[in-house]
K.L.:
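One structure is given below, represented as structure tokens, and several questions about it will come after.
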Amino acid sequence: MSYPQSLFKNSRLLLGTAQYPSPKLMQQAINTAQPAMVTVSLRRQGSIAGGAEFWDLVKQTGVPVLPNTAGCRTVKEAITVAQMSREVFATELVKLEVTGDDYNLQPDPFALLEATTELINQGFKVLPYSTDDLVLCQRLVEAGCQVVMPWGAPIGSGKGLLNPYALKTLRARLPDVHLIVDAGIGSPSHACQAMELGFDAVLLNTAVSQAADPVRMAGAFRQAVQAGRDAYLAGQMQSRETASPSTPVLGTPFWQQS
């Protein structure tokens, strides 16, 4: 199975590794979620639990790693971190983040496109984290991205899918592109909704790592993602403005009082 189809061979959930109460709980959550990949930050990897312990726990799960450039604010910085991550994690995959606004951590669309183009020229398989802007996503695809990761809402907000119309438009206009809803997912129902729209996967972190019970929440998200995917493939009924009886009335008995 070739890239990017191979990303979703076993799961359509991608899970972050930041902000867990402990590295051990992180490992347990990963094992329960059974995600397709886990995201790791090069700088974070070197700071939690001395770096080595954290990395060992991630490797023990057997889940493939997706390095990211979280925290980068310039093209040069993002490219440098991506290059270092390729050496450390031995993968050409990179989740590309270039932050443009410190208030809502919105991606910088201009820097993102520039960094994407350069990294693809260097042989990377870039999964760019973007807003849900159609034109930006189209430009990223034209630059060579086979996967695009539009946000549902700002990172860590837990607000879910703020603009379902924009996400539906992306799915309709980019039918051959693998789309992953990334950021803003706060509950399993949000993840299920994204999958029901036809998205290929969801990526989340805070909703699991900051839950009162991260391990149980990881399991809830695993089931929600699968339920949403099954619903999409099954073909959902269309909403109507009027009621329609689920039980046929033709041929049913009736009584008339005389």
K.L.:
Does E92 have any salt bridge (Lys or Arg N to Asp or Glu O under 4.0 Å) partners at least two apart in sequence or in another chain, and if so, which?
P.N.:
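In terms of salt bridge (Lys or Arg N to Asp or Glu O under 4.0 Å), with neighbours along the sequence ignored, E92 is linked to K125.
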
K.L.:
Return each pair, listed once, that meets salt bridge (Lys or Arg N to Asp or Glu O under 4.0 Å) where at least one residue sits in residues 139-150; pairs must be two or more places apart or across chains.
P.N.:
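Matches after skipping sequence neighbours: R139-E142.
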
K.L.:
Could you identify which residues cluster with L25, counting Ile, Leu, Val, Met, Phe, Trp and Tyr as linked when any side-chain heavy atoms lie under 4.5 Å apart, either directly or through a chain of such contacts?
P.N.:
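Besides L25, the cluster holds V215.
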
K.L.:
Can you list the residues that meet the salt bridge (Lys or Arg N to Asp or Glu O under 4.0 Å) rule with K59, with sequence neighbours excluded?
P.N.:
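By the salt bridge (Lys or Arg N to Asp or Glu O under 4.0 Å) rule, K59 matches D56.
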
K.L.:
Apart from M237 itself, what residues make up its hydrophobic cluster when side-chain heavy atoms of I, L, V, M, F, W and Y under 4.5 Å apart count as a link, directly or indirectly?
P.N.:
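Besides M237, the cluster holds no residue at all.
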
K.L.:
Kindly write out the residues that satisfy side chain to side chain donor-acceptor pair (under 3.5 Å) with Q226, not counting sequence neighbours, or none if the list is empty.
P.N.:
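In terms of side chain to side chain donor-acceptor pair (under 3.5 Å), with neighbours along the sequence ignored, Q226 is linked to D230.
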
K.L.:
Going by salt bridge (Lys or Arg N to Asp or Glu O under 4.0 Å), name the pairs with one or both residues in residues 163-189, residues two or more places apart or in two chains.
P.N.:
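Qualifying pairs: K95-D182, R171-D200.
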
K.L.:
Name all residues meeting the side chain to side chain donor-acceptor pair (under 3.5 Å) criterion together with S189; count only those two or more places apart in sequence or in a different chain, and write none if there are none.
P.N.:
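Side chain to side chain donor-acceptor pair (under 3.5 Å) list for S189, sorted by chain: S187.
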
K.L.:
Crowded around Y3 OH? As in, over 12 foreign heavy atoms under 6.0 Å?
P.N.:
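Atom OH in Y3 is crowded, with more than 12 foreign heavy atoms closer than 6.0 Å.
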
K.L.:
Does anything in residues 133-161 form a ring-ring contact (aromatic ring centres under 6.0 Å, His included)? List the pairs, not counting sequence neighbours.
P.N.:
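Sorted pair list comes back empty.
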
K.L.:
Look up atom OG in S157 and atom CG in L162, then write down how far apart they are to the nearest 0.5 Å.
P.N.:
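Here the interatomic distance stands at 6.0 Å.
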
K.L.:
Give the table of side-chain donor-acceptor pairs shorter than 3.5 Å for residues 115-122, with sequence neighbours excluded, one pair per line with atom names and distance.
P.N.:
{"unit_1": "T116", "atom_1": "OG1", "unit_2": "L112", "atom_2": "O", "d": "2.7"}
{"unit_1": "T117", "atom_1": "OG1", "unit_2": "L113", "atom_2": "O", "d": "2.9"}
{"unit_1": "E118", "atom_1": "OE2", "unit_2": "Q122", "atom_2": "NE2", "d": "2.8"}
{"unit_1": "N121", "atom_1": "ND2", "unit_2": "T117", "atom_2": "O", "d": "3.2"}
{"unit_1": "Q122", "atom_1": "OE1", "unit_2": "Q83", "atom_2": "NE2", "d": "2.9"}

K.L.:
Could I get the full list of ring pair (Phe, Tyr, Trp, His ring centres under 6.0 Å) partners for F8, not counting sequence neighbours?
P.N.:
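Partners of F8 under the ring pair (Phe, Tyr, Trp, His ring centres under 6.0 Å) test: H178.
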
K.L.:
Does any non-hydrogen side-chain atom of P164 lie less than 4.5 Å from one of Q193?
P.N.:
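Of all side-chain heavy-atom pairs linking P164 with Q193, at least one is under 4.5 Å.
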
K.L.:
With ILVMFWY side chains joined below 4.5 Å, transitively, what does Y103's cluster contain besides itself?
P.N.:
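Other cluster members: none.
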
